[in-house]
Each structure stands twice: as C-alpha cells, then as structure tokens.
S.K.: 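What follows is a single structure, and I will ask about it in a moment.
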Amino acid sequence: MYRHLERRLAQAIRSFLQRTYEVELPKIVIEQPPKVELGEYALPLAFELAKRLRKAPRKIAEEIVAGIGPIEGFSKLELAGAGYINARVDRAALATALTRDARPPVEVPTGKILVEHSSINPNKAAHVGHLRNAILGDTFVRLLRFAGREVDVQNYIDNTGVQVADVVVGFLHLEKKSRAEIEALTRQPRFDYYCWDLYARASQWYEQDKQNLQTRLQTLHAIEEGGNETAALAELIAVAVLRRHLETMDRLDIEYDFLPRESEILHLHFWDAAFTKLKESGVLFFEESGKNKGCWVMRRAGTGAEIPEPGQEQVAEEDQKVIVRSNGTVGYVGKDIAYHMWKFGLLGKDFAYRKFYRYPNGKDCWISASAGEPEHPHFGDVAEIYNVIDARQSEAQSTVIEALRGLGHGEAADHYTHFSYEMVALTPRCAAELGYTLSEEDKSRSYIEVSGRKGFGVKADDLLDTLIASARKEVDTRHPELSDVERGEISTQIAIGALRYFMLKYTKPSVIAFDFKDALSFEGETGPYAQYAVVRATNIFRKGGYDAEKFAQDAANHVSAQDFAKYLADDIWELWLAAAQTSYLVDQCIATTEPAYLAKHVFQLAQLFNTFYHRYPILAEADEARKKFLLATAAVVRRELLRSLEVMGITVPPVM
RNA sequence: GCGCCCUUAGCUCAGUUGGAUAGAGCGUCUGGCUACGAACCAGAAGGUCGGGAGUUCGAAUCUCUCAGGGCGCACCA
C-alpha cells in the first residue's frame, strides 16, 4: 500500500510539472520526513527546480502545493522548511486498507530466476562462513518468492576438485582405510566432522614433504577421469558429506531444488560444446608465445576494451586468463562458463536428473546424473540468475560474464548478478576460545580468517547446538511447566531466529568478525527480540479471548474510519506507517540485493511495537471502541512482523 | 604494481536515489515488574562521519588526493 501511494504521488507531481512548467525530471526523489508529525512523504524537488525555473525553492513549492489539486489517498500537501513539500496521507484510509490487508496488484516480471547458493566443497563440515552464504541466499530466494517471482534454487557441488581429492588422499594414504571401512564411517552420525579433521591432516601431510603433492595430483586426475576405484571412493565420500550439508541446512529451513555437480559437467562434455562456441566467437584465442604459450586464453575482465574485438587484438600477458592449459585440460573458469551457458539455455546440452534427497516435508531435491530418470522437472534455461558467492571471487565471476557477452549473449550477461558478500572471520578472542594459539600479529588484528585447510573455524552444527543449548537454559527457567519436547522446539526456533537474524543484520560488504558473545545474544537487535514482540502480541489476544488471526482478518469491521481518524495520533501512527512498509522494503531488498534492509525493518517494527505495548495496556482499556482500535493495531503489526520474519526464514514460538 | 572493498560514538554496525537537528544495538550510569510475561521500557553520557581539496543551494553519501586496513590479480578451485 505504501509503495502505491508513493507511486501515485510521483505520478501526480510528474504530470503537474509537465502541464504547469513543461519540465520533466528524470526521477522524482521521495523520502520520509525526519518525523511523522511532518507527514509521510517528503519531496525536496523544489531545490532542484529552482535553477531551471529561476525562482526561489519556497516559491516553487508554494505553487506546487497550491496548484496540484487533490490526490487520492492523500489529505494534503504542505510547504515545510526552506522548500520541502511534505505529503500527508489519509491516515484512516491507509489504516483501513492495511487492516483489510489490501495489496493492489503489481506487475510481476515473468521469467524464471535461478539462485545459486551454498556451494560448499563436499569434503568437510559446513562452517560459519557457509552459513552466511546459505542464509543470505535462502533469504534472497524468499524475498523473490514474496514478490511473486518463480525461483529455482541450486547448490553447485564441486565433487571432483582438489578439496575432495585431499580427503581421499587422507583415507587412502594417511589412514590406509579399505573401502568397507570408509563405507562404515560414512554411516556414522557426523561423518563430515571426521572429514574436517582428516582434511586438515592431509593438508599438513603435504607440507611435511613436497613429494606428497604428487599423490594429490595423481588422485585428482583419477577422480576427474572417473571409472576407477579412486573415483568411486571420491563419489562415496562426496555424496555422504553432501547429505550431511543438506541435513545441516535443513535445520535452518534451507532447501534446494537441484544439485548440479562438476562430475556431470565433465562426463557429459559440457566444456566441449562451450569450447567450440568460444573459439568461433573469438572470445578465446590461442597464445603462441610467452609464459602462456600453448594455452587457450581470454581477456581478463576489467582490462582493455569494453567489447573486445573478436580475434586479432593483442592482449598483454598480464591481462590474459588461461582457460585451457597447454596440456589440454580445462580450468575452473572454463567449466564455469559452460555451466552458465547451460543456466541460460545457451549450451545446447542438458544434465540427466535423478532424485537425491527427500526433505521431511516431502519435497524432493534433484541431483545431476549421467543417466537419470525419464521424468524430471525442467531446470536451467532461465531469464535471470543470482550467484551468491563471496567477494573474493568477483574477478572470476566478471570473467564468466564477459565471456557470455563476448559470445553475443549480452542480455544474459546483463541478467547475471554476482550476489557478492564479505566473509565471516573470527575475532582473536573467539579464536583463542577455540584453542588456537595466536601470533602477536594475529592478536592485534580485528579479525582472523577461517581456514578449512587448517581445520580452523566454527562448524555450523556446533554453532547451532550451542545456540539451542543456550536458548534451552532460558526456556527451562521461564517455562518449567512445558513438556520436554515443547521446550526443545521453542529453543530451536529461538536459536534459528538468533542465527539467521545475526547473519542478516550486517550489510553484505561488511566482514563479520564472529564472536560467540554477539551471536549468542538474545537481547537488543536480535532475532529473539523480534520473536518476543510477536509473542507479546499473541498473548494479548489469547488473554483477551480473541483469535489473533481472525481479529486481523476482520479488524476493519471492528474499527470504523471515524475511529481510525480519531485515534491515529502521531505515536501510534508511526507504528502503522512502519507496518505498511513491508512490501516496499522487500522491493528495496531485491533491487539492491541487500537483505539487511529487511532485518532493519523487522527490528524497527518490533521496537515500535514494544514501546506501544508498554504505553498502552490494551486489555485494561475501558473505552470499547478505543480498545478495538488498539487491538487492530496489535493485530496488523503482528501480521506484518510474522510475514517479514518468514521472509527471513524465522518462525515464532507460541511462548518464549 | 594494477583492480575491487572498507575507515561514522568506548565496541559492533545502520544511514537505499546527495537533502531538514548524523542513528541503532552492546557496554557504562539513573530509573521502572502486585505481569496484555522485564528476552522489555524510560532517561543520561558519548561523534572535527580517517585527513585535505573540489562539485553543489545543500556532502557521511559524488569527484580528486593523501593516510590506514582488507581482499583479489596461478597453466588452483
């Protein structure tokens, strides 16, 4: 509703400027006044027009206010300050629409969107860094779906890379395990934890003797080639760890539709198809001399001309990115180009598919296969893609985008978004708590990077367990009357709320310096704070003998427009106005690929509600009409909080 | 060396398209539970927005420059 009023206001201004001054502004800036008393929307456009119209800003603002006429949904425009125009909405009308949950239809772009996130190497347990990726990605999926878009969620699995090879080396050469022994281990509860330690040990083993790196190389080649015992072991291990990752993410209500794997990109020869097209288009060229002699290379993104001339141009050696090595093997970026051509339906090849994992709710997650099931959903061939990948890979991502552009697929390139975010590191104190000895230099740093290779980091399942245990302590003391199962469920909801909120409250470019003290906080700007606001609202209805959902649904029948006009004073109105902004905020989050704005919205709404809750004892209200109005306020805010939290993947327990 | 990002209160961070007096949370200090549950609320203290110059009616926000920090820049992924 809020964004519709904004659009209508912009339209009215635009047409007034057109017919009165015959001017057109590229964009009408509309913002919120610093205080609700001043109105709902503020327009600073008179300042901008002053020079063009050769009039004082105040004078222009006066003319606009006087001449624009009535705008549906608005009570009036008024001049403020040195030339601001503040617009006041018809509060009763907006409140009535909001209680009815009126959501005027919006134009939803057609075309499927593919969001890729998580993409954890299947060789060790997931850690906090992976959690940030998955929570950002999953929340973005929820934002898109809230906005009415069709979304496929993919989790790319690099099951044939060096990281998997390292664990295979660990099993075969360090532990000398048989296939049967490894199989037995994969059936152990937290097999990924076992691999976590083994991966670190293998990495150490390479450092002990550089000769050991030969073993790694041989293992990697065997895995890439496939059809041998080493590759079969790698498959066994990677699949088992992958299952663990799906279980871990499912604890946070994160699900995937499809798991494309590198093994299929290799075995179904995606690269061959891409290679032909890349050579034909001149994106790739053969280097005949210099350090890249014998390689197929392309221009590195961000260097030289925007649109490279096919073929002939000279690209300086340092601006070259090797795609095909002189021994004929293709590197990671090459495989990624082929994979992204597939995403946009530009490769002329497809995966085979089989069902891999069934979520407790019955939903199936599919995986790529060389030979699959005849009946399967259609993946790929999408209109837009978002890749949730950390900022360190921005250059590689740009290179893939430029390859698509060079192939003549400019539209695909324009709809390719690298959803870039910064890493999660650990504070020196947190690292020390985990038992790592720190150098003097490390101690002075504000954060220390996690390293799977060193086995240094906070595992996702451990963090969740710690959060649940911490919530459990609180729930146990607050609600001894509840059953063990109930207390467990509530603790889990609180833990997930705290974790998801924590990962979403920071904007993407901010490095999160992880610390248990902050992450375990349930007070202040946290998920549980918002959950608690909803619980309080629910309690009002329960104690009052109302059904919260039902009351929200027909609140418009309880409160007349006259009552709204009478009772909507500034302080309560601020709460209504914030509640009206959920869809607006969702749009902002999508347009800027920044879910943190939604977290801020949730917190602001919860905070305003808590103030309201404290100031107005609703059930004690003697005036029946006023009581109904206060209840409507609680019902609408509760609904918008639940709705916004759901987009963040956070549910609310009945009590806490 | 080149490229990208960052520097805002004691700490951790917001500040979306340049706009009205720069905001939160935590921490510190003062108050508030005979409850629609205090995982809460009210109040106080705390800032030359890294330094400098420019553009603009107006700059935390845009440009340049300097300083400090991070991350990329493999025939790894």
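Chain naming here is simple, since letters A, B, ... match the order of the sequence lines and numbering starts at 1 in each.
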S.K.: Would you indicate, yes or no, if B:A39 has its OP1 or OP2 atom less than 4.0 angstrom from a side-chain nitrogen or oxygen of A:R478?
M.R.: yes

S.K.: For every nucleotide of nucleotides 6-11 of chain B, 5' to 3': is a protein heavy atom under 4.0 Å from its base (B), only from its sugar-phosphate (S), or from neither (-)?
M.R.: ------

S.K.: What pairs with A:Y41 under ring-ring contact (aromatic ring centres under 6.0 Å, His included), at least two apart in sequence or on another chain?
M.R.: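 Checked A:Y41 against ring-ring contact (aromatic ring centres under 6.0 Å, His included); matches are A:Y2, A:F74.
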
S.K.: For B:U56, which nucleotide in any strand shown is its Watson-Crick or wobble partner with both distances under 3.5 Å?
M.R.: none

S.K.: Taking salt bridge (Lys or Arg N to Asp or Glu O under 4.0 Å) as the cut-off, I'd like each qualifying pair that reaches into residues 470-480 of chain A, sequence neighbours left out, listed once.
M.R.: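 Sorted result for residues 470-480 of chain A: A:R472-A:D476, A:R472-A:D484, A:E474-A:R478, A:D476-A:R487.
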
S.K.: For A:H601, give me all partners under ring-ring contact (aromatic ring centres under 6.0 Å, His included), at least two apart in sequence or on another chain.
M.R.: none

S.K.: At a cut-off of 3.5 Å, list every protein nitrogen or oxygen paired with a nitrogen or oxygen from nucleotides 42-46 of chain B, distance to 0.1 Å.
M.R.:
none

S.K.: Checking the side chain of A:N159 only, and the main-chain atoms of A:S263 only, is there a donor and an acceptor separated by less than 3.5 Å?
M.R.: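 Pair found, side chain donor or acceptor close to backbone of A:S263.
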
S.K.: Between P on B:C13 and CZ on A:F514, what's the gap in Å once rounded to a whole number?
M.R.: 14 Å

S.K.: Who pairs with A:F612 by ring-ring contact (aromatic ring centres under 6.0 Å, His included), at least two apart in sequence or on another chain?
M.R.: A:F609, A:Y616

S.K.: Considering every strand and a 4.0 Å limit on heavy-atom distances, what is the contact class for A:I323: base, sugar-phosphate, or nothing?
M.R.: nothing

S.K.: Hey, can you tell me if A:Y529 and A:F603 have their rings parallel, tilted or perpendicular (30° and 60° cut-offs)?
M.R.: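 Tilted.
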
S.K.: With rounding to the closest Å, how many angstrom separate the P atoms on B:A20 and B:G3?
M.R.: 34 Å

S.K.: Parallel, tilted or perpendicular for A:F502 and A:F514, by the 30°/60° rule?
M.R.: perpendicular

S.K.: Could you work out, with ring-ring contact (aromatic ring centres under 6.0 Å, His included) as the rule, every residue matching A:H245, not counting sequence neighbours?
M.R.: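 For A:H245 there are no ring-ring contact (aromatic ring centres under 6.0 Å, His included) partners, ignoring immediate neighbours.
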
S.K.: With respect to the phosphate group of B:U17, does any side-chain polar atom (N or O) of A:Q588 fall under 4.0 Å of OP1 or OP2?
M.R.: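 It does not, given that no N or O in the side chain of A:Q588 lies less than 4.0 Å from OP1 or OP2 of B:U17.
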
S.K.: Check whether any side-chain N or O of A:Q320 sits under 3.5 Å from a backbone N or O of A:V315 as a donor-acceptor pair, and report yes or no.
M.R.: yes

S.K.: Name the pairing partner of B:U34, where a pair is Watson-Crick or G-U wobble with both distances under 3.5 Å, or state none.
M.R.: none

S.K.: Pick base, sugar-phosphate or nothing for A:K321, based on heavy-atom distances below 4.0 Å to the nucleic acid.
M.R.: nothing

S.K.: Quick one: on RNA chain B, does A:A42 or A:M656 contact a more 5' nucleotide (nearest heavy atom)?
M.R.: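 Nearest-nucleotide comparison on RNA chain B picks A:A42.
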
S.K.: Which one, B:C75, B:C73, B:C36, comes nearest to the side chain of A:V322?
M.R.: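 It is B:C75.
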
S.K.: Between A:Y206 (OH) and B:C76 (C1'), how many Å, whole number?
M.R.: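 Rounded to whole Å, this separation is 13 Å.
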
S.K.: Kindly say if A:N292 contacts the phosphate of B:C75, meaning a side-chain N or O under 4.0 Å from OP1 or OP2.
M.R.: yes

S.K.: Please name the nucleotide paired to B:C2 by Watson-Crick or G-U wobble geometry with both distances under 3.5 Å, or report none.
M.R.: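 When the pairing criteria are applied, B:G72 turns out to be the nucleotide that pairs with B:C2.
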
S.K.: Under 3.5 Å for both donor-acceptor distances, Watson-Crick or wobble: does B:A67 have a partner, and if so which one?
M.R.: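 When the pairing criteria are applied, B:U7 turns out to be the nucleotide that pairs with B:A67.
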
S.K.: Side-chain donor-acceptor contacts of residues 25-36 of chain A below 3.5 Å, not counting sequence neighbours, with atom names and distances?
M.R.:
none

S.K.: Classify the nucleic acid contact of A:H479 as base, sugar-phosphate or nothing, counting any heavy atom under 4.0 Å across all strands shown.
M.R.: base

S.K.: Could you state the atom-to-atom distance from CG of A:D515 to C1' of B:C13 in whole Å?
M.R.: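 So the two atoms are 15 Å apart, to the nearest Å.
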
S.K.: Rounded to whole Å, please give me the gap between CG in A:N610 and C1' in B:G32.
M.R.: 15 Å

S.K.: Any sub-3.5 Å donor-acceptor pair from A:R299's side-chain atoms to A:T399's backbone N or O?
M.R.: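 Judged by distance alone, no pair lies under 3.5 Å.
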
S.K.: With sugar-phosphate meaning primed atoms plus P, OP1 and OP2, does A:V475 contact a base, only sugar-phosphate, or nothing at under 4.0 Å between heavy atoms?
M.R.: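 Touches a base.
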
S.K.: Measure from the side-chain N and O atoms of A:H130 to the backbone N and O of A:H127, and report whether any donor-acceptor pair falls under 3.5 Å.
M.R.: yes

S.K.: Mind checking A:P57 for me? I need base, sugar-phosphate or nothing, with any heavy atom below 4.0 Å counting as a touch.
M.R.: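 Answer is nothing: A:P57 stays at 4.0 Å or more from every strand.
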
S.K.: With sugar-phosphate meaning primed atoms plus P, OP1 and OP2, does A:Q607 contact a base, only sugar-phosphate, or nothing at under 4.0 Å between heavy atoms?
M.R.: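 A:Q607: backbone/sugar contact only, no base atoms under 4.0 Å.
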
S.K.: With a 4.0 Å cutoff (strictly under), does any side-chain N or O of A:K517 reach OP1 or OP2 of B:C26?
M.R.: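 For B:C26, neither OP1 nor OP2 has a side-chain N or O of A:K517 closer than 4.0 Å.
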
S.K.: Where along residues 441-451 of chain A does a heavy atom come under 4.0 Å from RNA chain B, residue by residue in number order?
M.R.: A:R445, A:Y447, A:E449

S.K.: Ignoring the backbone of A:I540, work out which of B:C73, B:A20, B:C36 is nearest its side chain.
M.R.: B:C36

S.K.: Look only at the side chain of A:N123 and the backbone of A:Q163, and say whether a donor-acceptor pair between them is shorter than 3.5 Å.
M.R.: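 Side chain of A:N123 to backbone of A:Q163: a pair is present.
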
S.K.: Return no unless some side-chain N or O of A:Y613 is found under 4.0 Å from OP1 or OP2 of B:A35.
M.R.: no

S.K.: Can you pull out every side-chain hydrogen bond (donor to acceptor under 3.5 Å, both in side chains) where at least one residue sits in residues 321-338 of chain A? Sequence neighbours excluded, please.
M.R.: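 Sorted pair list: A:E262-A:K335, A:R325-A:T329, A:N327-A:T329, A:Y332-A:Q393.
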
S.K.: In the strands shown, is B:G27 matched to any nucleotide by a Watson-Crick or G-U wobble pair with both distances under 3.5 Å, and which?
M.R.: none

S.K.: Any side-chain N or O of A:N539 below 4.0 angstrom from OP1/OP2 of B:C36?
M.R.: no

S.K.: Figure out the OH/P separation between A:Y501 and B:A39, and round it to whole Å.
M.R.: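 After rounding, the reported distance stands at 18 Å.
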
S.K.: Let's test this: given Watson-Crick or G-U wobble pairing with both distances under 3.5 Å, identify the partner of B:U61.
M.R.: none

S.K.: Got a list of protein N/O to nucleotides 55-62 of chain B N/O distances below 3.5 Å?
M.R.:
residue : atom : partner : partner atom : Å
B:C57   : OP1  : A:K51   : NZ           : 2.6

S.K.: Could you tell me the separation between the CG atom of A:L608 and the C1' atom of B:G23, rounded to a whole number of Å?
M.R.: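 So the CG-C1' distance, A:L608 to B:G23, works out to 14 Å.
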
S.K.: A:Y532 OH to B:A38 P: how many Å, rounded?
M.R.: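 It works out to 5 Å between those atoms.
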
S.K.: How would you label the contact of A:V655 with the nucleic acid (heavy atoms, under 4.0 Å): base, sugar-phosphate, or nothing?
M.R.: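 A:V655: base contact, heavy atoms under 4.0 Å.
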
S.K.: Is a donor from one side chain sitting under 3.5 angstrom from an acceptor on the other, for A:R536 and A:N539?
M.R.: no

S.K.: With both distances kept under 3.5 Å, what pairs with B:U21, Watson-Crick or G-U wobble?
M.R.: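 By the stated definition (distances under 3.5 Å), nothing pairs with B:U21.
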
S.K.: Hey, which sits more toward the 5' end of RNA chain B by its nearest nucleotide, A:P528 or A:I512?
M.R.: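 This one resolves to A:I512.
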
S.K.: Could you list all the salt bridge (Lys or Arg N to Asp or Glu O under 4.0 Å) pairs where at least one residue sits in residues 510-533 of chain A, not counting sequence neighbours?
M.R.: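 Matches after skipping sequence neighbours: A:R429-A:D515, A:E525-A:K600.
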
S.K.: Respond yes when some side-chain nitrogen or oxygen of A:R536 is under 4.0 Å from OP1 or OP2 of B:A38, and no when none is.
M.R.: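 For B:A38, OP1 or OP2 has a side-chain N or O of A:R536 closer than 4.0 Å.
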
S.K.: Atom CZ of A:F522 and atom P of B:A39: how far apart are they, to the nearest Å?
M.R.: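 So the two atoms are 13 Å apart, to the nearest Å.
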
S.K.: Considering only NZ, NE, NH1 and NH2 on the basic side and carboxylate oxygens on the acidic side, decide whether A:R626 and A:E621 come within less than 4.0 Å.
M.R.: yes

